[in-house]
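The structure under discussion appears below in the form of C-alpha coordinates.
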Amino acid sequence: MKHLQVAVGIIRNASHQIFLAQRAASSHMANKWEFPGGKIEQDETAEQALKRELMEETGIEVTAAQPIGQADHSYEDLRVTLHFFLVEGWHGEPWGKEGQPQRWVEQTALVAEEFPPANHALIARLVAGEI
Ligand SMILES: Nc1nc2c([nH]c(=O)n2[C@@H]2O[C@H](COP(=O)(O)OP(=O)(O)OP(=O)(O)O)[C@@H](O)[C@H]2O)c(=O)[nH]1
Ligand SMILES: [Mg+2]
(Lines give C-alpha, C1' and ligand atoms only; values in the text may rest on other atoms or scores of the structure.)
(Ligands and ions follow the chains in the order given, each with its own letter.)
Protein backbone atom coordinates (compact mmCIF):
# COMPACT_ATOMS: atom_id res chain seq x y z
CA MET A 1 0.00 0.00 0.00
CA LYS A 2 1.22 3.52 -0.77
CA HIS A 3 2.50 5.29 2.34
CA LEU A 4 2.61 9.13 2.32
CA GLN A 5 4.48 11.35 4.74
CA VAL A 6 2.47 14.58 5.06
CA ALA A 7 3.35 17.91 6.70
CA VAL A 8 0.28 19.61 8.22
CA GLY A 9 -0.01 23.15 9.64
CA ILE A 10 -2.35 24.18 12.44
CA ILE A 11 -2.35 27.93 11.80
CA ARG A 12 -3.54 29.57 15.03
CA ASN A 13 -4.06 33.30 15.60
CA ALA A 14 -3.93 35.30 18.84
CA SER A 15 -7.70 34.74 19.39
CA HIS A 16 -7.13 30.96 19.32
CA GLN A 17 -8.88 30.59 16.00
CA ILE A 18 -7.57 28.03 13.51
CA PHE A 19 -7.44 28.37 9.73
CA LEU A 20 -9.21 25.57 7.84
CA ALA A 21 -9.46 24.78 4.15
CA GLN A 22 -11.90 22.51 2.37
CA ARG A 23 -10.57 19.66 0.24
CA ALA A 24 -11.55 19.60 -3.41
CA ALA A 25 -14.53 17.52 -4.53
CA SER A 26 -12.19 15.47 -6.76
CA SER A 27 -9.52 14.72 -4.11
CA HIS A 28 -8.92 11.97 -1.55
CA MET A 29 -11.19 12.74 1.47
CA ALA A 30 -13.28 14.93 -0.85
CA ASN A 31 -15.05 17.92 0.74
CA LYS A 32 -13.64 17.24 4.19
CA TRP A 33 -12.16 20.19 6.08
CA GLU A 34 -8.42 20.00 6.67
CA PHE A 35 -5.39 21.81 7.95
CA PRO A 36 -3.34 23.06 5.00
CA GLY A 37 -0.32 20.97 4.08
CA GLY A 38 0.87 18.25 1.77
CA LYS A 39 3.32 15.54 0.87
CA ILE A 40 6.91 15.68 2.08
CA GLU A 41 9.21 15.29 -0.94
CA GLN A 42 12.24 12.99 -0.79
CA ASP A 43 14.83 15.75 -0.34
CA GLU A 44 12.87 17.71 2.28
CA THR A 45 12.50 17.74 6.04
CA ALA A 46 8.95 17.87 7.41
CA GLU A 47 9.42 21.53 8.34
CA GLN A 48 10.69 22.45 4.87
CA ALA A 49 7.66 20.75 3.32
CA LEU A 50 5.36 22.58 5.76
CA LYS A 51 6.77 25.96 4.72
CA ARG A 52 6.56 25.17 1.01
CA GLU A 53 3.01 23.79 1.19
CA LEU A 54 1.67 26.65 3.32
CA MET A 55 3.12 29.18 0.86
CA GLU A 56 1.59 27.26 -2.08
CA GLU A 57 -1.83 26.71 -0.50
CA THR A 58 -2.36 29.77 1.73
CA GLY A 59 0.23 32.37 0.65
CA ILE A 60 1.83 32.80 4.09
CA GLU A 61 5.50 32.72 4.98
CA VAL A 62 5.81 30.64 8.17
CA THR A 63 8.17 32.16 10.78
CA ALA A 64 7.33 30.01 13.84
CA ALA A 65 6.34 26.33 13.72
CA GLN A 66 6.46 23.84 16.56
CA PRO A 67 6.10 20.06 16.07
CA ILE A 68 3.14 18.78 18.13
CA GLY A 69 3.00 15.11 17.21
CA GLN A 70 2.25 12.64 14.47
CA ALA A 71 -0.69 10.46 13.45
CA ASP A 72 -0.51 7.25 11.48
CA HIS A 73 -3.64 6.10 9.67
CA SER A 74 -4.51 3.49 7.06
CA TYR A 75 -7.31 4.39 4.71
CA GLU A 76 -8.77 1.71 2.43
CA ASP A 77 -6.01 2.02 -0.18
CA LEU A 78 -3.59 4.54 1.31
CA ARG A 79 -1.52 4.85 4.45
CA VAL A 80 -0.60 8.32 5.74
CA THR A 81 1.68 9.61 8.47
CA LEU A 82 0.73 13.18 9.34
CA HIS A 83 3.42 15.41 10.88
CA PHE A 84 1.55 18.14 12.76
CA PHE A 85 3.01 21.60 13.39
CA LEU A 86 1.48 24.40 15.44
CA VAL A 87 2.04 27.57 13.40
CA GLU A 88 1.77 30.77 15.44
CA GLY A 89 4.10 33.07 13.51
CA TRP A 90 3.81 34.05 9.84
CA HIS A 91 4.01 36.92 7.40
CA GLY A 92 0.98 37.75 5.26
CA GLU A 93 -2.66 36.71 5.68
CA PRO A 94 -3.71 33.12 4.89
CA TRP A 95 -6.28 32.68 2.13
CA GLY A 96 -7.51 29.92 -0.16
CA LYS A 97 -4.84 30.50 -2.78
CA GLU A 98 -5.79 27.43 -4.82
CA GLY A 99 -9.46 28.42 -4.88
CA GLN A 100 -10.43 26.22 -1.94
CA PRO A 101 -13.11 27.41 0.53
CA GLN A 102 -11.58 28.51 3.84
CA ARG A 103 -12.65 29.67 7.30
CA TRP A 104 -11.32 30.49 10.75
CA VAL A 105 -12.82 28.41 13.57
CA GLU A 106 -12.48 28.76 17.33
CA GLN A 107 -10.21 25.99 18.55
CA THR A 108 -12.84 24.71 21.01
CA ALA A 109 -15.53 24.63 18.27
CA LEU A 110 -13.71 22.21 15.95
CA VAL A 111 -15.85 19.20 14.95
CA ALA A 112 -13.90 15.96 14.40
CA GLU A 113 -16.37 14.46 11.91
CA GLU A 114 -15.72 17.32 9.47
CA PHE A 115 -12.08 16.15 9.12
CA PRO A 116 -10.47 13.01 7.69
CA PRO A 117 -10.29 10.18 10.28
CA ALA A 118 -6.50 10.57 10.60
CA ASN A 119 -7.10 13.95 12.26
CA HIS A 120 -9.54 12.86 14.97
CA ALA A 121 -7.12 12.36 17.87
CA LEU A 122 -5.48 15.72 17.23
CA ILE A 123 -8.87 17.49 17.05
CA ALA A 124 -9.73 16.02 20.47
CA ARG A 125 -6.50 17.44 21.93
CA LEU A 126 -7.21 20.86 20.42
CA VAL A 127 -10.82 20.95 21.65
CA ALA A 128 -9.67 19.91 25.14
CA GLY A 129 -7.17 22.77 25.15
CA GLU A 130 -4.21 20.42 25.59
CA ILE A 131 -2.37 22.24 22.81
N1 LIG B 1 -3.17 18.54 4.00
C2 LIG B 1 -3.78 17.64 4.74
N3 LIG B 1 -3.82 16.34 4.35
C4 LIG B 1 -4.46 15.47 5.15
C5 LIG B 1 -5.05 15.87 6.39
N6 LIG B 1 -5.59 14.76 6.98
C7 LIG B 1 -5.39 13.71 6.13
O8 LIG B 1 -5.76 12.55 6.32
N9 LIG B 1 -4.68 14.13 5.02
C10 LIG B 1 -4.30 13.25 3.89
O11 LIG B 1 -2.95 13.44 3.53
C12 LIG B 1 -2.77 13.11 2.15
C13 LIG B 1 -1.84 14.11 1.45
O14 LIG B 1 -2.25 15.43 1.64
P15 LIG B 1 -2.51 16.46 0.43
O16 LIG B 1 -3.58 15.93 -0.48
O17 LIG B 1 -2.75 17.80 1.04
O18 LIG B 1 -1.13 16.46 -0.36
P19 LIG B 1 -0.63 17.56 -1.43
O20 LIG B 1 -1.06 18.93 -1.01
O21 LIG B 1 0.83 17.29 -1.63
O22 LIG B 1 -1.50 17.16 -2.70
P23 LIG B 1 -1.29 17.33 -4.26
O24 LIG B 1 -1.14 15.92 -4.75
O25 LIG B 1 -2.58 17.96 -4.70
O26 LIG B 1 -0.08 18.18 -4.47
C27 LIG B 1 -4.17 13.08 1.52
O28 LIG B 1 -4.49 11.73 1.24
C29 LIG B 1 -5.08 13.58 2.63
O30 LIG B 1 -6.34 12.96 2.59
C31 LIG B 1 -4.99 17.23 6.79
O32 LIG B 1 -5.49 17.68 7.83
N33 LIG B 1 -4.34 18.08 5.93
MG1 LIG C 1 -2.42 19.74 0.30
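In listed order, ligands and their atoms are each counted from 1. The shown structure was predicted, so the numbers you read here are calculated from the model rather than taken from an experiment.
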Show the atoms of ligand 1 that are less than 4.0 angstrom away from any heavy atom in Met29. 30 (O)
Residue and atom name of the nearest protein heavy atom (relative to atom 32 (O) of ligand 1), distance in Å to one decimal: Asn119 ND2, 2.7 Å
Give the atom numbers and elements of ligand 1 that come within less than 4.0 Å of a heavy atom of Ala118. 8 (O)
Does Glu53 bring an N, O or S atom to under 2.8 Å of the Mg ion (ligand 2)? no
Find out if a path of hydrophobic residues (ILVMFWY) with successive side-chain heavy-atom gaps under 4.5 Å connects Trp90 to Trp95. no
Quick test of your reading of the structure: of Arg23, Lys32, Glu34, whose heavy atom lies closest to atom 15 (P) of ligand 1? Arg23
Any heavy-atom pair between the side chains of Trp104 and Ile11 that's under 4.5 Å? yes
For Glu57, counting its heavy atoms only, list the atoms of ligand 1 lying under 4.0 Å from any of them. 20 (O)
Do any N or O atoms from the side chain of Gln100 and from the backbone of Glu98 form a donor-acceptor pair under 3.5 angstrom? yes
Among Glu53, His73, His28, which one has a heavy atom closest to atom 30 (O) of ligand 1? His28
Check whether any N, O or S atom of Pro36, backbone or side chain, sits closer than 2.8 Å to the Mg ion (ligand 2). no
Going by heavy atoms, is Phe115 under 4.0 Å from ligand 1? no
Of Leu82, Val8, Val80, the one whose closest heavy atom lies nearest atom 9 (N) of ligand 1 is Leu82
Residue, atom and distance of the protein heavy atom nearest atom 33 (N) of ligand 1 read Phe35 O, 2.7 Å
Would you say His91 and Thr63 make side-chain contact, with heavy atoms under 4.5 Å? yes
Leu78 heavy atoms within 4.0 Å reach ligand 1 at atoms 28 (O)
Any side-chain heavy atom of Phe19 within less than 4.5 Å of one from Gln102? yes
Which Ile, Leu, Val, Met, Phe, Trp or Tyr residues join Ile18 in one cluster when any pair of side-chain heavy atoms under 4.5 Å counts as a link? Leu4, Val6, Val8, Ile10, Leu20, Met29, Trp33, Phe35, Ile68, Tyr75, Leu78, Val80, Leu82, Phe84, Leu86, Val105, Leu110, Phe115, Leu122, Ile123, Leu126, Val127, Ile131
Heavy-atom contacts with Tyr75 under 4.0 Å: which atoms of ligand 1 show up? List them by number with element. 7 (C), 8 (O)
Side chains of His120 and His73, heavy atoms from C-beta outward: is any pair under 4.5 Å? no
Glu57 OE2 to Gly37 O via the Mg ion (ligand 2), rounded to 10°, gives 80°
Geometry only, no angles: is Gly37 polar-contacting ligand 1 at N/O separations under 3.5 Å? yes
For residues Arg12 and Gln107, is any side-chain donor paired with an opposing acceptor at under 3.5 Å? yes
Atom 26 (O) of ligand 1: which protein heavy atom is closest, and how many Å away? Lys39 NZ, 3.9 Å
Derivation of the salt bridge (Lys or Arg N to Asp or Glu O under 4.0 Å) call for Lys97 and Glu57: CA-CA 5 Å; Lys97 200 178 165 187; Glu57 295 187 357; over 6 Å; no
Are any side-chain N or O atoms of Glu53 and backbone N or O atoms of Leu50, one a donor and one an acceptor, separated by less than 3.5 Å? no
Assess the residue pair Arg52 and Glu44 against the criterion (salt bridge (Lys or Arg N to Asp or Glu O under 4.0 Å)); give the C-alpha distance rounded to whole Å, side-chain angles, the decisive distance to 0.1 Å, and a yes or no. CA-CA 10 Å; Arg52 179 181 51 73; Glu44 283 181 326; 2.5 Å; yes
closest protein heavy atom to atom 12 (C) of ligand 1 is Val6 CG2, 3.9 Å
